[in-house]
There are 2 protein chains.
Amino acid sequence: MSVDEWADLTPTARTILGFVAQHPRSGYDIREAARRSVSYFWGVSDGQLYPQLKLLAELGLIESPQEDPGARSKSVWHITPAGRAALTKWIRSPSAPLRMRDENLVKMMFAAELEPAEVLRLVDERRKSFEWFAKNVASPGPAQSWQADQKLGSRTTSELLHEYGKQHTENALAWCDQVEEALRGIANDRA
Amino acid sequence: MSVDEWADLTPTARTILGFVAQHPRSGYDIREAARRSVSYFWGVSDGQLYPQLKLLAELGLIESPQEDPGARSKSVWHITPAGRAALTKWIRSPSAPLRMRDENLVKMMFAAELEPAEVLRLVDERRKSFEWFAKNVASPGPAQSWQADQKLGSRTTSELLHEYGKQHTENALAWCDQVEEALRGIANDRA
DNA sequence: GGTCACATGTAATAGGTTACATGATTGG
DNA sequence: CCAATCATGTAACCTATTACATGTGACC
């Protein structure tokens, strides 16, 4: 297995590799962990997860202890030395540019030609989605045992990451207020 | 052509439709406009643009004046009544959830196990990408004639959108500072 | 006449999502 | 033993990206 073979792993495969690197996990564990932490800056869909795990195993980057061919129950993966090397190499290579898909914002861009009420609806939709997000994803949640060693100075990585999500969310909500204020400007003009 | 046929347009096709709705444009114009304005919350790639324009034309949502089959030069598209109806309908329907792909952040999540210098490199990469972004995308640029009527109360839509991008960028840069501060905490401990 | 920006297009492929299918385990 | 959750997998489909191919008009 050459270095070249690591090279064409997808970013999603590498993300999965990262999760296994933190501590041994099953596919299901990874799914749950991804939902809680990375979901807003990197979604991992079911259809990708298991095939990618298989691929990583084939490349010898992760392993599962019991290789019983018949067993279909939970298999816990752990990272191999080769896997750790590949992970490190990935982290050191240049990252793909940020990519976003925010349909609500796109609509906002074109909604100005419609009635103000329409824009208001969009702002409302946006606020709701970010409020949901604040509750379900951007909140720290209970600390995990394996997080203890992930210190970055005084704070853990997951703390900092959640902080980022929280700030982003607050920023988005504040912007909703701004737009509504601008719209209220119209209402006042007519009053 | 039934309403059902509009239904399975991709969000990208609808975005393109939105651009044509603002004022008549060529494919090239749309590409440029998309680069300037929506690029950070909705990328439109070349390979999508022209086929989607063709599709929109086939559905009768946009039209190009001269239909000369031989002509290969610039063709300017404008929206049809059906197109405007489809656009309005789209704007009123629920939006797809926000989706992001931020490889740099993902790496950050797993980099804590490596040396602090590695995290520093990632923060640096992040800062650079957002600084680039602040200069090239999030800045308002010269006002366009067609923007004049896109008022949302006292402010134009594009002003508000740029404001959002600017705030997001500033937030991201501030977060970089926070991470570096946390890292400096380590350095101080060792001093 | 050359070269650069304008302008349009296509083919190959990678990549991701949805929906479906199935089995194992645990608690009531 | 039934339901719910845990757990894994796959096939079909859709979308987007990359790289390439081609032509045009303008300016020097």
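In what follows, every chain begins at residue 1, and chains take the letters A, B, ... in the order their sequences are listed. Everything numeric in this text was worked out from a predicted model, so none of it was measured.
With sequence neighbours excluded, the residues that form a side chain to side chain donor-acceptor pair (under 3.5 Å) with E103(A) are W90(B). Residues that satisfy the ring-ring contact (aromatic ring centres under 6.0 Å, His included) test with Y164(A), not counting sequence neighbours, are W175(B).
A straight line from CH2 of W42(B) to C1' of dT15(D) spans 11 Å, rounded to a whole angstrom. Distance, I16(A) CD1 to dG16(C) C1': 12 Å, rounded to whole Å. Rounded to whole Å, atom C1' of dG16(C) lies 15 Å from atom CZ of R31(A). Taking atom CZ on R25(A) and atom C1' on dC6(D), their separation rounds to 16 Å, with Å as the unit. L55(A) has its CG atom 15 Å from the C1' atom of dT10(D), to the nearest Å. Rounded to an integer number of Å, the gap from OH of Y50(B) to P of dC6(C) is 11 Å. Computed from coordinates, the Y28(B) OH to dG23(D) C1' distance equals 14 Å when rounded to whole Å. Distance, L49(B) CG to dG9(C) P: 9 Å, rounded to whole Å.
In this model, a donor atom of one side chain and an acceptor atom of the other lie less than 3.5 Å apart for S95(A) and E125(B).
Between K107(B) and E118(B), no side-chain nitrogen of the basic residue sits less than 4.0 Å from a carboxylate oxygen of the acidic one, so the salt-bridge criterion is not met. Here D177(B) pairs with R127(B) in a salt bridge; the nearest charged N to carboxylate O distance falls below 4.0 Å. Ion pairing between a basic and an acidic side chain is recognised when a charged N comes within 4.0 Å of a carboxylate O; E181(A) and R184(A) show no such pairing. With respect to R84(B) and E113(A), a salt bridge is recorded, a charged nitrogen being found less than 4.0 Å from a carboxylate O.
Between K74(A) and dG23(C) there is no side-chain N or O to OP1 or OP2 distance below 4.0 Å. When the side-chain nitrogen and oxygen atoms of T12(B) are compared with OP1 and OP2 of dA16(D), one or more of them lie within a distance under 4.0 Å.
Between S26(B) and A13(A), it is S26(B) whose nearest contact on DNA chain C lies nearer the 5' terminus.
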Return the polar atom pairs (N/O with N/O) between nucleotides 17-19 of chain D and the protein under 3.5 Å, or none.
residue : atom : partner : partner atom : Å
dT17(D) : OP2  : S45(B)  : OG           : 3.2

